Amino acid sequence: MTDKGDGAITAEPAEDDAAWRALLERRNDATSPPETSPLDTLYGPLCRAHRNATHRNGSFAIGHLAQSLDGRIATNSGISQWVSGAEDLLHTHRMRALADAVVVGVNTVVHDDPQLTVRRCAGANPLRVVIDPERRLDGSQRIFRDAAAPTLLFAAADCARSGEAVGAAEVVAVPRGRCGLDPHEIRRVLARRGLTWIFVEGGGITVSRFLAAGALDRLQITVAPLILGSGRPSILLPEITDLSSSLRPRTRRFVLGEDIMIECDFDD
Ligand SMILES: NC(=O)c1ccc[n+]([C@@H]2O[C@H](COP(=O)([O-])OP(=O)(O)OC[C@H]3O[C@@H](n4cnc5c(N)ncnc54)[C@H](OP(=O)(O)O)[C@@H]3O)[C@@H](O)[C@H]2O)c1
């Protein structure tokens with residue numbers, strides 16, 4: 001894998017690429033062999049968790065954030081390219097390739113105008129979802145104009161009608177809950193469309209809302225060795241007054257180049 005310095009990863013070692021393609025092919029295969037390669041070690045258990053969820057007629061949701069040592073995902077002005085290194089960016093594209101749908105909040109679309117496609121590894125583009133309750137996006141952003149993958153825009157039912165179009169995207173109107181749009185309802189709507197592997201890619205507010213609602217099965221936090229000292233926060237949850245109220249999930253740890261990724265498992 002080579003980073004040319006412009007954010008583009010040009011080539012992966014052929015054997016790594018072959019192992020990745022083999023893993024992608026086994027994504028839904030209940031008879032997949034035990035983990036033998038590093039790729040299997042990282043992604044195999046996620047494929048199994050997704051299969052188990054779908055056997056129960058449910059879905060599987062996993063969040064990911066790249067943050068600094070001091071817990072920031074971007075500057076206050078919204079610059080986040082790039083907090084983490086090339087390995088974590090490749091990992092993010094692999095997570096997109098495994099997912100049926102990739103979810104981001106409206107601020108991420110405003111600041112990054114992302115494509116949310118799979119470009120750094122083999123794999124199909126997931127359907128793209130943006131949560132924009134107040135209809136702040138005008139349809140000029142790339143996810144509404146390119147034909148790379150279908151896009152859904154989730155908006156509050158008092159601001160939108162289901163089936164409306166924003167550019168090439170379809171609006172899905174859902175009622176407001178106590179804390180915005182209910183992440184469980186978003187998962188249910190996606191599952192009804194056959195989208196059962198949900199990758200919540202950011203930003204901090206969106207991932208935090210899923211976490212606060214208990215709507216994440218896994219959360220991956222990649223910690224990069226830099227300190228911003230200010231900026232947009234990673235996870236923010238309602239205040240606690242005692243450490244006994246903190247979340248202490250089971251974790252797995254992976255080294256991704258200079259970064260460390262910690263994966264939290266919220267399944268009981
Ligand atoms: N380092 C990373 O891993 C990473 C990843 C992605 C993005 N980013 C960066 O993060 C920044 C954006 O992150 P952010 O935390 O400010 O915002 P964000 O999560 O991208 O978007 C948050 C907004 O989305 C809407 N939203 C999300 N979930 C909702 C829900 N369940 N119900 C109702 N509304 C919901 C709300 O819109 P309203 O305000 O209209 O109510 C909310 O304020 C950008 O600078 C981007 O570059 C970093």
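Ligands are counted one by one from 1 in listed order, and the atoms in each one are counted from 1 as well. This chain uses plain numbering: 1 for the first residue, then up along the sequence. The figures that follow rest on heavy atoms only: side chains count, while hydrogens, waters and symmetry mates do not. Note that the coordinates shown come from a computational prediction; the quantities given were computed from them, not determined experimentally.
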Per-atom filter on ligand 1: closer than 4.0 angstrom to a heavy atom of Gly202 are 6 (C), 19 (O)

Note: Pro133, heavy atoms under 4.0 Å from ligand 1, region reported as side chain

Are the side chain of Trp20 and the backbone N or O of Ala122 linked by a donor-acceptor pair below 3.5 Å?
yes

Counting from 1 in the order shown, the ligand 1 atoms closer than 4.0 Å to a non-hydrogen atom of Ala66 are 1 (N), 2 (C), 3 (O)

Within 4.0 Å of some non-hydrogen atom of Gly180, the atoms of ligand 1 are 32 (N), 33 (C)

Atoms of ligand 1 under 4.0 Å from any heavy atom of Glu134, numbered from 1 in the order shown, are 40 (O)

Check for a donor-acceptor pair, side chain of Arg51 on one end and backbone N or O of Arg27 on the other, with a separation under 3.5 Å.
yes

Honestly, for Asp112 the part within reach of ligand 1 (heavy atoms, under 4.0 Å) is side chain

If you scan protein heavy atoms around atom 5 (C) of ligand 1, the nearest is Glu201 O, 3.3 Å

**Prompt:** Between Asp217 and His50, does any side-chain donor sit less than 3.5 Å from a side-chain acceptor?
**Reply:** no

Gly105 heavy atoms within 4.0 Å reach ligand 1 at atoms 18 (P), 20 (O), 21 (O), 24 (O)

Per-atom filter on ligand 1: closer than 4.0 angstrom to a heavy atom of Arg209 are 29 (C), 30 (C), 31 (N), 32 (N), 33 (C), 34 (N), 35 (C)

The atoms of ligand 1 lying under 4.0 Å from a heavy atom of Ser80, numbered in the order shown, are 8 (N), 9 (C), 46 (C), 47 (O), 48 (C)

The remaining residues in the hydrophobic cluster of Val118, counting side-chain heavy-atom contacts under 4.5 Å among Ile, Leu, Val, Met, Phe, Trp and Tyr, are none

Under 3.5 Å: N/O of His111 near N/O of ligand 1:
no

Note: with side-chain heavy atoms under 4.5 Å as the link, the other cluster members for Leu226 come out as Val83, Leu228

- Message: Check this for me, if you would: do Glu164 and Arg135 make a salt bridge, where the nitrogen-to-carboxylate-oxygen distance has to be below 4.0 angstrom?
- Response: yes

Verify the distance criterion only: is there a donor paired with an acceptor across the side chains of Thr222 and Asp259 at less than 3.5 Å?
no

